[in-house]
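The structure under discussion appears below in the form of structure tokens.
Quick caveat: nothing in here was measured; it's all calculated off a predicted structure. Naming convention: chains lettered A, B, ... in sequence-line order (proteins, then strands); numbering from 1 in each chain.
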Number of protein chains: 2
Amino acid sequence: MESRREKKKKETRQAIMQAAMTLFSEKGFDQTSIEELAKAAGIGKGTIYGYFETKTDILHAFCEDELECLHKELTTYADREIPILQQMVKIYMTEFKQITENREFGRLFMQQTTFPRDADLKRHLEHENNYFKLLFPLLEKAQERGELRKDLDLLYITGHFYGLYLLLVSAWFSGRIQTEEAEYALEAVFSQAMEGLQPRL
Amino acid sequence: MESRREKKKKETRQAIMQAAMTLFSEKGFDQTSIEELAKAAGIGKGTIYGYFETKTDILHAFCEDELECLHKELTTYADREIPILQQMVKIYMTEFKQITENREFGRLFMQQTTFPRDADLKRHLEHENNYFKLLFPLLEKAQERGELRKDLDLLYITGHFYGLYLLLVSAWFSGRIQTEEAEYALEAVFSQAMEGLQPRL
DNA sequence: AAAAATTATCGACCGTAGTCAGATTTTTTT
DNA sequence: AAAAAAATCTGACTACGGTCGATAATTTTT
């Protein structure tokens with residue numbers, strides 16, 4: 001049952017998110033003050049803190065919404081018959097696109113999810129676990145198809161890909177890699193991971 | 001020639017760094033205000049901004065000093081005859097130790113170096129290039145010894161190791177890996193990188 | 001439906017990062 | 001060595017993120 005109170009809460013939360021999306025996109029995150037945001041959402045400054053703990057929390061919520069959406073899509077569309085390399089590239093490139101589409105958002109999001117504050121740990125781990133739930137079945141299938149070694153821990157395999165993805169994003173923020181080169185670079189480094197660094201006998 | 005002015009500048013900068021080291025260690029980064037810091041260094045608040053652009057800049061300078069020191073040490077000691085895997089583990093574990101010894105410092109440092117603000121790019125790239133200068137010769141020697149594929153770009157190899165290092169640090173901040181497990185985990189994932197993810201024929 | 005209890009809203013208030021115009025010190029010119 | 005120029009220092013000031021006690025809206029109890 002939906003009490004009057006609960007309905008209003010949802011509306012207010014939505015109003016904040018909406019205002020945030022608009023203002024952050026228009027003026028950037030740092031240039032948007034909480035007070036402005038509150039005004040745009042038609043509420044008082046303090047009220048925001050009943051919905052979000054910090055300013056970055058708002059950004060976070062936004063990013064997570066987007067990514068969750070993305071993941072759902074991927075699960076549906078993920079074609080389990082194409083090579084695992086392609087699948088991984090597709091998945092991470094989708095995320096990459098999301099990150100790079102708004103530089104500011106992306107940077108903050110990556111900073112906070114890759115090296116999270118202790119206070120954010122719980123939420124962070126939850127999010128990561130969802131990720132694993134998405135990836136593990138794909139990797140398992142690949143193992144069965146003989147594309148991946150079976151003696152490796154799935155967590156380590158995911159980690160391997162994820163680490164290389166981090167590298168890509170880092171390189172992009174450093175300007176070492178342009179947006180257009182990204183897919184090629186990711187594919188290169190992923191297949192390098194598949195084949196290994198030491199020479200084949 | 002050292003004018004009176006230049007000498008004083010150096011002294012002041014040193015005084016700020018000294019005060020920062022003490023206060024940050026005692027009370028933590030966030031709990032130390034710029035005003036306190038200035039007082040401890042025996043100067044006015046505004047003066048600090050003649051030496052550092054932001055508060056985090058001070059932290060940065062400190063971390064970079066430490067790391068630079070570390071790298072110098074490593075170059076000297078780096079034993080080029082032990083397997084490249086061990087060398088990489090040793091190098092990254094030294095850095096890891098530095099990062100983890102002070103959680104707060106480490107987090108900020110990693111956040112800012114991995115996903116740098118555009119304003120910090122120049123300094124960041126410089127620092128990274130020094131890194132490459134340290135690693136490339138080691139990798140080249142390993143290639144010659146037949147431990148590493150010769151058809152791979154050195155940058156991609158370094159990147160591969162670095163990406164996996166990022167993963168380790170990220171996992172540590174997330175609490176997925178304890179400090180004591182770190183070396184084992186890094187070795188595991190590095191040798192996984194050496195051998196590759198796909199089954200040997 | 002009135003009273004009591006609970007929950008949400010608000011904006012004045014606090015502490016701090018960073019700015020800036022004017023004072024001070026050092027260097028250069030005459 | 002006096003005057004002019006340049007570099008440096010400074011603390012009052014601004015703007016912002018976040019808090020909190022008072023107030024209003026909603027739900028529950030009587």
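Side chains of Glu64(A) and His127(A): a donor-acceptor N/O pair is absent below 3.5 angstrom, by distance only. A donor-acceptor contact under 3.5 angstrom links the side chains of Ser174(A) and His124(B), judged on distance only. Side chain to side chain, Thr179(B) and Trp172(B) meet the donor-acceptor criterion of an N or O pair below 3.5 Å.
Judged by the 6.0 Å distance and 45° axis criteria, Lys97(B) is not positioned over the aromatic ring of Tyr92(B). Relative to the ring axis of Phe136(A), Lys141(A) does not place its NZ or CZ within 45° and under 6.0 Å from the centre. Taking the ring axis of Phe29(B) as reference, the NZ or CZ atom of Lys55(B) stays within 45° of it and closer than 6.0 Å to the ring centre.
In this structure, the CG atom of Asp30(A) is 15 Å from the P atom of dA17(C), given to the nearest Å. In this structure, CD of Glu11(A) is placed 15 Å from P of dA8(C), rounded to the nearest angstrom. One atom, OH of Tyr49(A), and another, C1' of dA12(C), lie 15 Å apart when rounded to the nearest Å. Atom CZ in Arg13(A) sits roughly 14 Å away from atom P in dA8(C) (whole-Å rounding). Separating the CG atom of Leu59(B) from the C1' atom of dA17(C) is a distance of 15 Å, rounded to the nearest angstrom. Protein atom CD of Glu6(A) is 17 Å distant from nucleotide atom P of dT6(C), rounded to whole Å. Between Lys9(A) atom NZ and dT9(C) atom C1' the separation is 11 Å, expressed in whole Å. For the pair Lys27(B) NZ and dT16(C) P, the computed distance is 8 Å after rounding to whole Å.
The phosphate of dA8(C) has neither OP1 nor OP2 within less than 4.0 Å of any side-chain N or O from Thr47(A). Between Tyr51(A) and dT9(C) there is a side-chain polar atom (N or O) within less than 4.0 angstrom of OP1 or OP2. The shortest distance between the side-chain N/O atoms of Lys8(B) and the OP1/OP2 oxygens of dT25(C) is not below 4.0 Å.
When heavy atoms are screened at a 4.0 angstrom cut-off, Ile48(B) is found touching no nucleic acid atom at all. Thr32(A) comes within 4.0 angstrom of sugar-phosphate atoms only, judged by non-hydrogen atoms across all strands, and of no base. Residue-level contact check: Gly50(B) touches neither bases nor backbone, having no heavy atom under 4.0 Å from any strand.
Protein chain B contacts DNA chain D over a range whose 5' and 3' limits, counting nucleotides with an atom under 4.0 angstrom from a non-hydrogen atom, are dA6(D) to dG11(D).
Position along DNA chain C of the nearest nucleotide to Ile43(A) versus Glu35(B) favours Ile43(A) as the more 5'-ward residue.
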Q. Given Arg149(B) and Ile157(B), is the side chain to side chain contact (heavy atoms under 4.5 Å, CB included) satisfied, shown in steps?
A. CA-CA 9 Å; Arg149(B) 284 165 61 187; Ile157(B) 301 184; over 6 Å; no
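Comparing dG18(C), dC10(C), dT6(C) by their closest approach to the side chain of Arg5(A) singles out dT6(C).
Taking 3.5 Å as the limit, the base of dA17(C) and the side chain of Lys45(B) contain a donor-acceptor pair of atoms between them.
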